[in-house]
Structures are given as C-alpha cells and as structure tokens.
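See structure below.
Only a predicted model underlies this, so the values are computations on that prediction, with no experimental measurement involved.
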Amino acid sequence: MGPGRHIFVPTSQHPASPIRWAHFDTPASASMKKLIIATHPDLAASTVNKRWLQEAQQRDSEFTVHQLYQRYGAGKALDVALEQALLLEHEAVIFQFPFYWFSTPPLLKQWLDEVLLPGFAYGRQPEHRKLEGKRIGFAISAGIRQKDYQREGRYRHTVEELIAPLTATFSYVHATSVPPFVFYGAEYDPTNPDIPDIRPALEHSAQGYLAYLRSV
C-alpha cells in the first residue's frame, strides 16, 4: 500500500493480527479549522463513518463537519457559493465517504462537477486558482478486506489507484492531496456469525482517524 496514512484492521484470515499504526506528522501551521466534507447517503445506518464523525463533532474548535446528504439529500440544488466559501474558509479539506463501486457516492461526484468551476478552482490567471496549495485528504470506509485491494488480490488495484481520478482532479487545481486513511472490511453484520466483528478495530481506528485529520 501507499506510504503513511493507513490503518490495518484484523480480517477473518488473521483474527489475532495486531493493528498496525502509521505515524502521522501534524503540520506546523494550524491557524484555521479543517473542513470535513462527509458524503454518506444513510449515515444513521453507518458503522464506520458515524463513529468517526462522532470524534470530529466533539472537537468543533478543530473541525467543521459538513454533511452533503444531510443538506442536499432531498434533491436540493447545491449552494455553490456556500460550498466554495467553505473551501476558502478552511486551511485543509478532508473528503470522507464509503467506497461505492470503487468510487465515491454520487452526490460527491456532483459536488466536484458543480463546485470546482473555472475562475474559482482553475484558470489561466493565479486568481482563478483559489485552491492552490490547499491540502486535501480522504477518509474512506471500504467494505472489502485489505488483502483484496492489492495488485495480486481479488480486485487487482489498491485504494490509492482507485481514487486516482480524485487525486488527479485536485492536482489539476493545484491543491495537494495526501494519501488516504482507509478502514477495510467495513461490511459488518452483527446477525451474521461468519462476518468478523469490526467493533474493536473500529474503536482503535477512531484515534487513528483523529491523528489523520490533524495531519492533513
């Protein structure tokens, strides 16, 4: 996998494996809050994303949690001016979402299409590149086990490779993407004894998630 910012969780093949933690370096400058753009179509039914956001919401002096489906989930038009203002008001942005068909939920794709406009996100003149230098992170819950997200695994691609369209987008607008924070094996069903219980690993991951947010 890529360098740095991953949490590795136990799988059914290795139930006794310890959780390995990466080291996170916190940026020296933290003059403004960080924006978490959370995109989950059914957060109430979520296990991983809901737990992560609880940690962020308890620290509102550090993070602004902006839930796209909560604000626009009933088919409302995106408030592009608001979305752009939020980007400018925060020193860094973390996009948090569950992996949907090896990509983002549809509302996040719509957000990218409608918010990252010419004259704001890109253009010939420096004043048209308002996100230049902005640090961008990704906190992702993946239902499948980590070993399946390997070149030799079931899906033949790593998560970093699968989110290349996102990192390419932010490279195009001169922002700086950092490696993602990923929770693997999130398809937990407490009624199915054949699916490993992820709850202990999830509690550990909440601290790794906070460290990641602070490092972006």
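For E161, the salt bridge (Lys or Arg N to Asp or Glu O under 4.0 Å) criterion is met by R151, not counting sequence neighbours. With sequence neighbours left out, the ring pair (Phe, Tyr, Trp, His ring centres under 6.0 Å) criterion links F63 to no other residue.
Rounding to the nearest 0.5 Å places CG of L213 at 4.5 Å from CD1 of I36. With rounding to the nearest 0.5 angstrom, the NE2 atom of H128 is 12.5 Å from the CG atom of L117. One finds the CG atom of L131 at 12.0 Å from the OH atom of Y122 (value rounded to the nearest 0.5 Å). Note that the OG1 atom of T39 and the CZ atom of F95 stand 8.0 Å from one another [nearest 0.5 Å].
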Review item, side-chain donor-acceptor pairs of residues 67-75, under 3.5 Å, at least two apart:
| unit_1 | atom_1 | unit_2 | atom_2 | d |
| --- | --- | --- | --- | --- |
| Y69 | OH | L107 | N | 3.3 |
| Y72 | OH | D79 | N | 3.2 |
| Y72 | OH | E83 | OE2 | 2.6 |

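Atom OH of Y172 has 12 or fewer neighbouring heavy atoms from other residues, nucleotides or ligands inside a 6.0 Å radius. Residue-environment remark: NZ (K130) exceeds the threshold of 12 foreign heavy atoms within 6.0 Å.
Counting heavy atoms from C-beta on, the side chains of N49 and F183 never come closer than 4.5 Å. Residues F97 and I140 are in side-chain contact: their nearest non-hydrogen atoms beyond the backbone lie under 4.5 Å apart.
Considering all non-hydrogen atoms of both residues, T64 and H90 come closest at OG1-NE2, 2.8 Å.
There is no path of hydrophobic side-chain contacts, each under 4.5 Å, that joins Y100 to I37.
Between W52 and F181, the distance from one ring center to the other falls under 6.0 angstrom.
A salt bridge is defined here as a Lys NZ or Arg NE, NH1 or NH2 lying under 4.0 Å from an Asp or Glu carboxylate O, and E203 with R51 meets this definition.
Ring-plane geometry between F170 and F138 is classed as tilted, the angle between the planes lying from 30 to 60 degrees on a 0 to 90 degree scale.
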